[in-house]
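As structure tokens, the structure follows; a few thoughts come after it.
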Amino acid sequence: MEHDEVPGDRLARTQWLIAQLRQRAAECEDPREQDNLRRSADSLVRLATALRA
């Protein structure tokens with residue numbers, strides 16, 4: 001990532017990615033893949049929260 005990036009842009013991309021992962025999990029028929037996608041979204045939320053602190 002570029003160092004001169006606007007913080008709001010990173011937040012917007014993170015929120016978009018979390019929403020995409022959750023949407024894919026909701027639409028997924030394979031329960032294992034659903035779990036993996038949900039865990040990925042949850043991990044991204046924790047990472048974003050830790051970076052803001």
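Under the 3.5 Å distance criterion, with hydrogens and angles disregarded, a donor-acceptor pair is assigned to the side chains of Arg46 and Ser43.
Nearest heavy atoms, Ala25 versus Arg38: CB-CG, 3.8 Å. For the pair Ala48 and Thr14, the tightest heavy-atom approach, listed with the atom from each and the gap, is CB-CG2, 3.9 Å. Contact between Cys28 and Leu37 at its shortest, heavy atoms only, is CB-CD1, 4.5 Å.
For the pair Gln15 and Leu11, the minimum side-chain heavy-atom distance is below 4.5 Å. A heavy-atom distance below 4.5 Å is found between the side chains of Arg22 and Val45.
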Inset, instruction - Walk me through it: do Gln34 and Asp30 pass the test side chain to side chain contact (heavy atoms under 4.5 Å, CB included)? - result: CA-CA 6 Å; Gln34 255 185 350; Asp30 181 1; over 6 Å; no
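A chain of hydrophobic side-chain contacts below 4.5 Å, direct or via other Ile, Leu, Val, Met, Phe, Trp or Tyr residues, connects Trp16 to Leu44.
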